Asks: 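Quick one: the structure is below, questions incoming.
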Amino acid sequence: MKKTALVCGAGGFIGGHLVKRLKNDGFWVRGVDIKEHEHAKTQADEFIVGDLRDQALVTTVLDRGFDEVYQLAADMGGAGYLFTGENDANVMHNSMQINLNVLDAGRRCGVKRLFYASSACVYPEYNQEDPDNPNCAEDTVYPANPDSEYGWEKLFSERLYMAFNRNYGMQCSVARYHNIYGLEGTWTGGKEKVPAALCRKVASAAPGSEIEVWGDGLQSRSFLFVDDCIEATVSLLRSDFQGPVNIGSEEMISINDLAKLIIEISGKDISINNVPGPEGVRGRNSDNRLIADKLDWQPRYTLREGIEKTFTWIQNQHLSLSK
Ligand code: NAD
């Protein structure tokens, strides 16, 4: 019999890629999301448009002991959405309700393995003040002090999944994603994250003009190409290791240098104008020692390779919109 999988958040960026991967692996896949995928036709065998905050809907969606369940649905966005403070109540309340519902229904219908997408935003601000030396080893998460309510919600939910493992014998695994980017993700509208936002700005800038970069641009991050993220996600769920574990890249770069890389790839003559804007922590990088040890995983794409593919896709999106 075919194995079965459920992807919560299948209409989103990472969820869309995950559905494709599970289909390639021969699974029967049900996707669920409050909206359909904006950039690609879903490959799920069944796609349910519904609100996972609704307990009745979640009970309907989790009507069997799926072999694999991936919980990626969340109220989230980039810095412009998460770090202004304007969306805090919704971000916390909406995502919390989804996680409570999925865990409760998953336990009752005997789900075998459940993956939860947490975030590098759980790490304390005090370890991310030096852009050259951030510390995001998994065991540095306490004493807790995430710099956003989004991070606090993720941290609480991580603990919730681990508590269900302890008390109900479930097999939930938790990954902390570090800035995932790639094709078929949000690139405009206010919820886009920095790689997509910069690709869009460069794609739409006239040669000889400038693009705006938030902050002084010296804040640092690492970025993981979505194909690598999917490989690590599936390997984690199918392993006996439950985490929490980082899924990210250790190739750290400043935001100004990321902008310069995209400008170079575009071949245009564009300059950078640093303007005030939401920035998040000063420095963040994935620490991959634990995942290398437990899953023997490391990213296959360099930042340049992933950004080249992403820029080309966003440029094409931009061109087809402006026709
Ligand atoms: P995304 O916003 O593209 O996907 C999330 C999906 O959840 C969206 O399609 C959204 O419609 C859906 N959703 C939100 N509320 C819902 C509801 N009430 N009912 C049903 N569906 C709902 O984001 P993504 O980048 O694909 O992220 C997937 C997961 O990974 C999220 O949990 C996110 O917090 C986590 N994460 C992502 C990153 C990243 O860099 N992309 C980094 C850290 C963690």
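All ligand and atom numbering here is 1-based and tracks the order in the structure. For the single chain, residues carry numbers from 1 onward in sequence order. Just so we're clear, the structure is a prediction, and the values are computed from it rather than from any experiment.
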Asks: Look at atom 23 (O) of ligand 1 and say which protein heavy atom is nearest, naming residue and atom and giving the distance to 0.1 Å.
Replies: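 Answer for atom 23 (O) of ligand 1: M76 SD, 3.4 Å.
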Asks: Of the non-hydrogen atoms in P146 and L155, which two are nearest, and what is the gap between them?
Replies: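 Looks like CG-CD2, 4.4 Å.
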Asks: Just by distance, with hydrogens left out, do N274 and N256 show a side-chain donor and acceptor under 3.5 Å apart?
Replies: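 Indeed, the side chains of N274 and N256 share at least one donor-acceptor pair under 3.5 Å.
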Asks: Is the side chain of N285 donor-acceptor paired with the backbone N or O of N133 at a distance under 3.5 Å, no angle test?
Replies: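 Flag not set: sc N285 to bb N133 has no pair under 3.5 Å.
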Asks: Is ligand 1 less than 4.0 angstrom away from at least one heavy atom of I98?
Replies: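 Yes, I98 has a heavy atom closer than 4.0 Å to ligand 1.
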Asks: Heavy atoms only: which of L18, V32, D33, L82 is nearest to atom 8 (C) of ligand 1?
Replies: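 Result: the heavy atom closest to atom 8 (C) of ligand 1 is in D33.
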Asks: Any pair with a residue in residues 197-209 that passes side-chain hydrogen bond (donor to acceptor under 3.5 Å, both in side chains), sequence neighbours left out, goes on the list, sorted by first then second residue, please.
Replies: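 As it turns out, the side-chain hydrogen bond (donor to acceptor under 3.5 Å, both in side chains) pairs with a partner in residues 197-209, which skip direct neighbours, are E192-R200.
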Asks: Would you call T186 a ligand 1 contact, heavy-atom distance under 4.0 Å?
Replies: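 It does not; every heavy atom stays at 4.0 Å or beyond.
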Asks: What protein heavy atom sits nearest atom 34 (O) of ligand 1, and how far off is it?
Replies: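 Atom 34 (O) of ligand 1 sits closest to the protein heavy atom Y150 OH, 2.6 Å.
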Asks: The criterion is side-chain hydrogen bond (donor to acceptor under 3.5 Å, both in side chains); which residues satisfy it with N24, sequence neighbours excluded?
Replies: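 None.
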Asks: Which protein non-hydrogen atom lies closest to atom 3 (O) of ligand 1, naming both residue and atom, and how far is it?
Replies: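 Answer for atom 3 (O) of ligand 1: F13 N, 2.9 Å.
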Asks: Closer than 4.0 angstrom: is that true for some heavy atom of Y181 and an atom of ligand 1?
Replies: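 Y181 does not count as a contact of ligand 1 under the 4.0 Å cut-off.
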Asks: Which pair of non-hydrogen atoms, one from T60 and one from R30, has the smallest distance, and what is that distance?
Replies: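 So the two residues come closest at O-NH1, 3.9 Å.
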Asks: Just need the protein heavy atom nearest to atom 26 (O) of ligand 1, so name the residue and atom and give the distance.
Replies: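 Ranking protein heavy atoms by distance from atom 26 (O) of ligand 1, first comes I14 N, 2.8 Å.
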Asks: Name the closest protein heavy atom to atom 29 (C) of ligand 1, giving the residue it belongs to and the distance to 0.1 Å.
Replies: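 Looking only at protein heavy atoms, the one closest to atom 29 (C) of ligand 1 is L72 O, 3.2 Å.
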Asks: Going by atom types only, do Y123 and N135 share a side-chain donor-acceptor pair under 3.5 Å?
Replies: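 Looking only at side-chain atoms, N135 and Y123 do not form any donor-acceptor pair under 3.5 Å.
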Asks: Compare every heavy atom of C121 with every heavy atom of F83, then report the nearest pair and how far apart it is.
Replies: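 Scanning both residues completely, I find the closest heavy atoms to be CZ-SG, 4.3 Å.
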Asks: So which heavy atom in the protein is nearest atom 4 (O) of ligand 1, and how far is it from that ligand atom?
Replies: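 Here the nearest protein heavy atom works out to G12 CA, 3.6 Å.
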Asks: Against ligand 1, does G16 come closer than 4.0 Å with any heavy atom?
Replies: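 Checking ligand 1 against G16, which is what was asked, there is no heavy-atom contact under 4.0 Å.
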Asks: Can a non-hydrogen atom of R176 be found less than 4.0 Å from any atom of ligand 1?
Replies: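 Contact check R176 vs ligand 1: negative.
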Asks: So for S118, does at least one of its heavy atoms come nearer than 4.0 angstrom to any atom of ligand 1?
Replies: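 S118: in contact with ligand 1 (<4.0 Å).
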